Amino acid sequence: MKWTSSFIFTSRKPPADAETVSQKLMHQAGMIDKLISGVYSYLPLGLRVLKKVSDIIREEMNKAGAIEILMPGLQPASLWKKSKRFEKMGKDMIVFKDRHNREMLLGPTHEEVVSDIVKKYLKSWKNLPVMLYQIQTKFRDEIRPRFGIIRSREFLMKDCYSFDRTDQESEQSYFKMKEAYLKIFERCGLSVTIQTADSGVIGGKFSEEFVAAGDCAELEIGHIFKLGTDYSEKLNVVYVDNDGSEKPVVMGCYGIGVSRVVAAIIEGNYDEKGIIWPVSVAPFTAIILPLNMSDNNTVEIANKMHDELQSAKLDILLDDREESAGVKFADADLIGIPYRIILGRKIAEGKVEIVERKTKRSHDVGIENVRQFFYSVLRNHA
RNA sequence: CGGGGCGUAGCGCAGCUGGCUUAGCGCGCUUGGUUUGGGACCAAGAGGUCCCCAGUUCAAAUCUGGGCGCCCCGACCA
């Protein structure tokens, strides 16, 4: 990707009303754009990170045996009345009437819908266990949206639901998820603590939340619940057991605020110059900085290197702007690219300088060895 | 919803107390030139419903009233 055609716009100063580190840096780095309070667009740089995080989550969910689906954001209020949560959620839900005067809402979560699905297809104990998940946009009319993306009214969430035959088997699903969560957060470069928590509106028997370390007080970034048979009884999600009797399934649900994870990663990985992405979620692994754009040789090598690394499936950004070295360094630091490939003085000797954003460690590498250098970097981070 | 703060060029701000005709500054942007290892320099430019509506006044960014929006603190949430 070349900077001049990438729709990346950084700014020298953060917006005056941003308070939190992640909020400031995401704006300044041009990752997100605010439409209204608590509602954001993801610009290319932000979307890349969001995708990396989503992919990590997806991999670990799949490994844990969960199956991906995609449920609708638009839901009928009637379903929520059945589960007795329509009143309970109350004003947190965005409710409106459609043209037929039916009460509709934008889903703040999906226990009702997923239960409705499973109910239709689940017949025998032989169909169990089942774990279904999705990565999808949730809508919550928060009392007070704040801290940018950290508490927003529209956000991306991974929600997974487990259906089991017995409490013991449900317990096993719960632990599988807990393990998967720890793996996910580790891969995202987050250190988390687990605390038992109030189950709130979701309800159920027991829940634990995953809290990311960082400067921001919020985060809670994940929450897992043992739901028991609350929902399955109210929504009639039953199966026939091996003794021929009909029983409610035992449920669990497991959420991760994907957009909040992105913010949490920043809260835990930055310095005075900007973001420091872990390689696993970085929008680009490396950025090529041709310092002297009026030197034809430099520009030519930069372009060749960009094409070569890109075709080697590396996430590579080439800063091809006619900007001074200072601007390029400052922006590379701000947007937090883990490796900087500097095409400067040593280009005459056929060498580039590769600098690690986090440690500031620098390596002189021959132009023909750059690709090899990144292969080993990625191997170490795999 | 209660409390506090803010709204002037793309961004950051000054001007408002004590109304005055062409509303400023820094950064960014455009053009030309000089630069090229840490946000460079010179010159010339472009860019504004001063959040909206109403009122007071000869005259409103500035005073008054109402509205809208945004941020922060509290209770809830991924």
Side-chain angles (χ1 to χ4, degrees), chain A residues 9-20 23-24 27-28 30 33-39 53 57 88-93 107-110 135-160 181 184-185 192 197-203 207-212 217-225 253-264 272-274 289-295 298-299 319 321-334 340-347 352-353 355 360 362:
Chain A
F9 301 100
T10 59
S11 61
R12 204 153 179 165
K13 286 184 175 169
D17 56 16
E19 201 67 23
T20 322
Q23 194 180 355
K24 282 184 190 168
H27 271 112
Q28 220 181 322
D33 177 79
K34 182 170 72 185
L35 181 63
I36 50 172
S37 176
V39 180
V53 172
I57 292 175
K88 217 170 165 182
M89 272 280 180
K91 291 195 167 169
D92 286 345
M93 283 193 295
T109 178
H110 282 70
I135 294 174
Q136 191 244 23
T137 302
K138 298 286 185 276
F139 297 88
R140 296 186 189 175
D141 200 357
E142 291 287 341
I143 297 172
R144 179 153 91 86
R146 62 173 136 178
F147 305 142
I149 223 79
I150 292 179
R151 181 185 305 192
S152 48
R153 295 197 284 178
E154 180 177 335
F155 60 95
L156 195 66
M157 180 170 163
K158 186 284 303 178
D159 45 326
C160 180
Y181 272 41
I184 288 165
F185 297 134
V192 296
D198 178 29
S199 304
V201 204
I202 306 291
S207 84
E208 289 174 296
E209 58 188 28
F210 293 73
V211 182
E218 296 268 320
L219 289 170
E220 186 191 350
I221 52 176
H223 202 154
I224 56 180
F225 301 79
C253 74
Y254 318 90
I256 292 178
V258 184
S259 17
R260 195 178 270 187
V261 166
V262 174
E272 69 287 349
K273 291 181 175 172
L289 302 183
L291 296 188
N292 187 349
M293 291 297 288
S294 56
D295 178 56
T298 300
V299 173
D319 191 346
R321 295 175 300 171
E322 302 273 354
E323 288 287 356
S324 69
V327 169
K328 291 189 177 184
F329 285 142
D331 274 342
D333 287 340
L334 174 64
R340 212 156 72 178
I341 306 170
I342 303 168
L343 275 58
R345 296 187 190 108
K346 288 171 183 154
I347 205 76
V352 298
E353 188 182 341
V355 182
K360 300 185 173 71
S362 146

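Here the structure is a predicted model, which is why all the values come from computation and not from measurement.
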Without decimals, in angstroms, what is the distance between [X] [atom1] and [N] [atom2]?
X: A:His223; N: B:C77; atom1: NE2; atom2: C1'; value: 10 Å
X: A:Gln28; N: B:G39; atom1: CD; atom2: C1'; value: 12 Å
X: A:Ile224; N: B:A78; atom1: CD1; atom2: P; value: 12 Å
X: A:Met157; N: B:C77; atom1: CE; atom2: C1'; value: 10 Å
X: A:Lys158; N: B:A78; atom1: NZ; atom2: P; value: 12 Å
X: A:Ile347; N: B:G37; atom1: CD1; atom2: C1'; value: 13 Å
X: A:Arg340; N: B:G39; atom1: CZ; atom2: P; value: 13 Å
X: A:Leu334; N: B:C11; atom1: CG; atom2: C1'; value: 14 Å

Any strand: nucleotide that pairs with [N] via Watson-Crick or wobble, under 3.5 Å:
N: B:U34; value: B:A40
N: B:A14; value: none
N: B:A46; value: none
N: B:G74; value: B:C1
N: B:A9; value: none
N: B:U56; value: none

I need the A:Phe185 CZ to A:Phe210 CZ distance, nearest 0.5 Å. 6.0 Å

Taking [M] as the reference, what is the distance to [N] when you measure between their [atom1] atoms (whole Å, please)?
N: B:C58; M: B:G45; atom1: C1'; result: 37 Å
N: B:C27; M: B:C20; atom1: C1'; result: 31 Å
N: B:G47; M: B:U31; atom1: P; result: 16 Å
N: B:U62; M: B:U21; atom1: P; result: 13 Å
N: B:G4; M: B:G65; atom1: P; result: 16 Å
N: B:G5; M: B:U64; atom1: P; result: 15 Å
N: B:U8; M: B:C51; atom1: C1'; result: 10 Å
N: B:A59; M: B:G19; atom1: C1'; result: 8 Å

Which residues pass the side chain to side chain contact (heavy atoms under 4.5 Å, CB included) test with [X], sequence neighbours left out?
X: A:Gln28; answer: A:Ser11, A:Pro14, A:Leu25, A:Leu334
X: A:Thr298; answer: A:Pro290, A:Asp295, A:Leu343, A:Ile347
X: A:Glu208; answer: A:Tyr174, A:Lys178, A:Ile194, A:Thr196, A:Phe206, A:Ile224
X: A:Lys273; answer: A:Asp271, A:Asp333, A:Arg357

Partners meeting ring-ring contact (aromatic ring centres under 6.0 Å, His included) with A:Phe225 (sequence neighbours left out):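 A:Phe225 satisfies ring-ring contact (aromatic ring centres under 6.0 Å, His included) with A:His223 only.
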
Could you check if a side-chain atom of A:Lys138 sits within less than 4.5 angstrom of a side-chain atom of A:Asp159, using non-hydrogen atoms only? yes

Heavy-atom check, side chain of A:Ile221 versus side chain of A:Val261, under 4.5 Å: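 Heavy-atom side-chain distance check passes, below 4.5 Å.
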
When you measure from the side chain of [X] to the backbone of [Y], do you find a donor-acceptor pair of N or O atoms at a distance under 3.5 Å?
X: A:Ser259; Y: A:Leu156; answer: yes
X: A:Arg153; Y: A:Ser37; answer: yes
X: A:Lys158; Y: A:Tyr254; answer: yes

Report which part of the nucleic acid [X] touches: base, sugar-phosphate, or nothing (heavy-atom distance under 4.0 Å, all strands).
X: A:Gly344; answer: base
X: A:Ser152; answer: base
X: A:Pro108; answer: nothing
X: A:Phe225; answer: sugar-phosphate
X: A:Glu142; answer: base
X: A:Asp331; answer: base
X: A:Gly257; answer: base

Would you mind telling me which of B:G37, B:A78, B:G39 lies closest to the side-chain atoms of A:Arg345?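 Closest of the options to the side chain of A:Arg345: B:G37.
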
Side-chain contact check for A:Glu353: nearest option of B:G39, B:G37, B:C77 is B:G37

Treating primed atoms plus P, OP1 and OP2 as sugar-phosphate and everything else as base, which nucleotides of nucleotides 68-75 of chain B get B, S or - for protein heavy atoms under 4.0 Å? --SSBBBB

Let me know, please, whether A:Gly255 or A:Asp333 comes out on the 5' side of the other along RNA chain B by nearest nucleotide. A:Asp333

Considering heavy-atom distances to RNA chain B, does A:Ile342 or A:Ile256 have its closest nucleotide positioned more toward the 5' end?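 Checking each residue's closest nucleotide, the 5'-ward one belongs to A:Ile342.
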
Pull out every protein N or O sitting under 3.5 Å from an N or O of nucleotides 29-36 of chain B, one pair per line with the distance.
{"unit_1": "B:U36", "atom_1": "O2'", "unit_2": "A:Asn292", "atom_2": "ND2", "d": "3.4"}
{"unit_1": "B:U36", "atom_1": "O4", "unit_2": "A:Ser294", "atom_2": "OG", "d": "2.8"}

A:Lys346: partners by salt bridge (Lys or Arg N to Asp or Glu O under 4.0 Å), with sequence neighbours left out: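 By the salt bridge (Lys or Arg N to Asp or Glu O under 4.0 Å) rule, A:Lys346 matches A:Asp364.
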
Quick one: list whatever passes salt bridge (Lys or Arg N to Asp or Glu O under 4.0 Å) with A:Lys34, sequence neighbours left out. A:Asp17

Would you say the base of B:G39 and the side-chain of A:Arg321 have a donor-acceptor pair closer than 3.5 Å?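 Answer is no: no donor-acceptor pair is held.
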
Planes under 30° and centres closer than 5.5 Å, is that true for A:Phe329 with the base of B:G39? no

Is the phosphate of B:G28, meaning OP1 or OP2, less than 4.0 Å from a side-chain N or O of A:Arg12? yes

